Trainee: 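My questions will all concern the structure given below.
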Amino acid sequence: MSESSPACEPEKMDSEDVLFTLYTSGTTGKPKGIVHTTAGYLLGVNVTTRWIFDLKEHDIYWCSADIGWVTGHSYIVYGPLSNGATVVMYEGSPDFPQKDRFWKIIEKYGVTIFYTAPTAIRTFMKWGEAFPKKCDLGTLRLLGSVGEPINPEAWMWYYKNIGHERCPIVDTWWQTETGSILISPLPGLTKLKPGSATHPFPGISAKIVDESGKEVPTGRGGYLVLTEPWPSMLRGIYGDPKRYHEQYWSKFPGLYFTGDGAKKDKEGNFWLLGRIDDVMNVSGHRVSTMEVESALVDHPAVAEAAVVGKTHDIKGQAIAAFVTLKEGINGENGNREELGDRLKAHVVKKIGALARPEDIYFSAELPKTRSGKIMRRLLRDIAEGRALGDTTTLADPTVVAKLKDQYEE
Ligand code: 7RM
């Protein structure tokens, strides 16, 4: 050590040199190797970290994502590091030695900014509010969410039980492909709406269009597209330029196709509705999985829900719902049928008769990627009684095997 230099001369790179290739979680198909380059990516993650997380010299920042997910790459490593932030890094489970591990970490290190995913928040809700209550969360001043639409129920729980109604929540929409956050509130500037990622980041142009590429009227659902390039955009799919073109640039010529559905309200807030491939078609009406799932999770017995469309002779598709119950609620054996009927009635009350699930399946767990995204295409395979598609990105392959057995009983 005494002989080595304290400085390490960095290697000079071209702005368009490849920085990394990261495979997407593959919820809707075979994983793709997303290629990012050097300068634009750094600019994107640097400025979004600074502005969206309102990073200050004395902040202790913690993003609890898996470091192998793009969220970890951009917002554990490159964004905070390039800003000289003080970060907490944790690699381990949230329930060891106890279900208060995250809150203990916040207490111990005095975390001021905490960034996590709705799937984690729903798990904490399932475990109950006693765990965060035991810990001092008084240092927190800002909360973030990423990875899926956050249902208003989970948003409120996070706001109350973790943020103690003092901390704004930034719901950040982005993709492996976008490299950095593109739609999100700016804390202190943007009026928050539970469940909405609010507005595009300065310099980002997003639109919601119909099948023909025309902008849809306010309040109407459609395809989320980006109309101008941005610094941290992907430069291609590794080894597959054809798939790159087909996936992102062929549906609407000249527009980047995100693959997500969204709608905009009167104040211009964006509401994300889930992946387009997951949208169900019930009696000719397009029903978003997110809306039905959000209605199910709104019921006090339900911890998590995933819904899929299943071929139906009359309706075209009927809704099949896979439901995980909160701790201490017995739907596994006990009164499954009765609870199922109550859940169906709850969805009808919240959304309408069209969204009534035909079947409800209770399950201890749902098949997810390592980043916590529900793999609805595998649930569709199960509901349709087909062989399972690509399962290589599942966090725990036994979950789907168990579900398949249970379903086929
Ligand atoms: C960061 C990340 C991308 C997909 C994306 C969306 C969904 C992510 C939000 C969201 C609603 C959000 N990268 N998604 N963030 N949906 N609100 N705030 O997740 O490549 O792994 O996934 O995730 O469908 O297209 S990812």
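Treat the numbers as computed from the prediction; the structure is a model and nothing was measured. In each ligand, atom 1 is the first atom listed, and ligand 1 is the first ligand listed. In what follows, residues are counted from 1 in the order of the sequence shown.
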Trainee: Under 4.0 Å from a heavy atom of T172: give me the atoms of ligand 1 that qualify, with their elements.
Mentor: 9 (C), 12 (C), 15 (N), 18 (N)
Trainee: Which bit of E148 gets closer than 4.0 Å to ligand 1, counting heavy atoms only: side chain, backbone, both or neither?
Mentor: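 Within the 4.0 Å criterion, E148 contacts ligand 1 through backbone atoms alone.
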Trainee: Identify which of H73, K32, Q175 has a heavy atom lying nearest to atom 25 (O) of ligand 1.
Mentor: Q175
Trainee: The test is salt bridge (Lys or Arg N to Asp or Glu O under 4.0 Å); show your working for E358 and K315 and say whether it passes.
Mentor: CA-CA 11 Å; E358 182 97 355; K315 302 179 188 172; 2.9 Å; yes
Trainee: Short list, please: which atoms of ligand 1 are under 4.0 Å from a heavy atom of R275?
Mentor: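 In order of numbering, the contacting atoms are 24 (O), 25 (O).
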Trainee: Below 4.0 angstrom from a heavy atom of L272, which ligand 1 atoms are there? Numbered from 1 as shown, please.
Mentor: 11 (C)
Trainee: What do we get for A197 next to ligand 1 when only non-hydrogen atoms under 4.0 Å count, side chain, backbone, both or neither?
Mentor: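 It is neither; nothing of A197 touches ligand 1.
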Trainee: For atom 11 (C) of ligand 1, tell me which residue out of G147, A117, P118, P149 has the closest non-hydrogen atom.
Mentor: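 That would be P149.
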Trainee: Provide the number and element of each atom of ligand 1 under 4.0 Å from a heavy atom of T71.
Mentor: 1 (C)
Trainee: Going by the salt bridge (Lys or Arg N to Asp or Glu O under 4.0 Å) test, name the single residue among K373, R275, R122 that passes it with E148.
Mentor: R122
Trainee: With W62, which of F102, W103, Y75 fulfils ring-ring contact (aromatic ring centres under 6.0 Å, His included)?
Mentor: F102
Trainee: Of the backbone atoms (N, CA, C, O) and the side-chain heavy atoms from C-beta on, which set of T176 has a member under 4.0 Å from an atom of ligand 1: side chain, backbone, both, or neither?
Mentor: both
Trainee: At less than 4.0 angstrom from any non-hydrogen atom of V146, what atoms of ligand 1 do you find?
Mentor: 1 (C)
Trainee: With a 4.5 Å heavy-atom cut-off, do S64 and F114 have their side chains touching?
Mentor: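 Contact flag for S64/F114 side chains = yes.
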Trainee: Answer yes or no: does atom CD of E91 have more than 12 heavy-atom neighbours from other residues, nucleotides or ligands under 6.0 Å?
Mentor: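 Open: at most 12 neighbouring heavy atoms sit under 6.0 Å from CD of E91.
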Trainee: Look at atom 6 (C) of ligand 1 and find which of D260, I181, V70, D171 reaches it with the closest heavy atom.
Mentor: D260
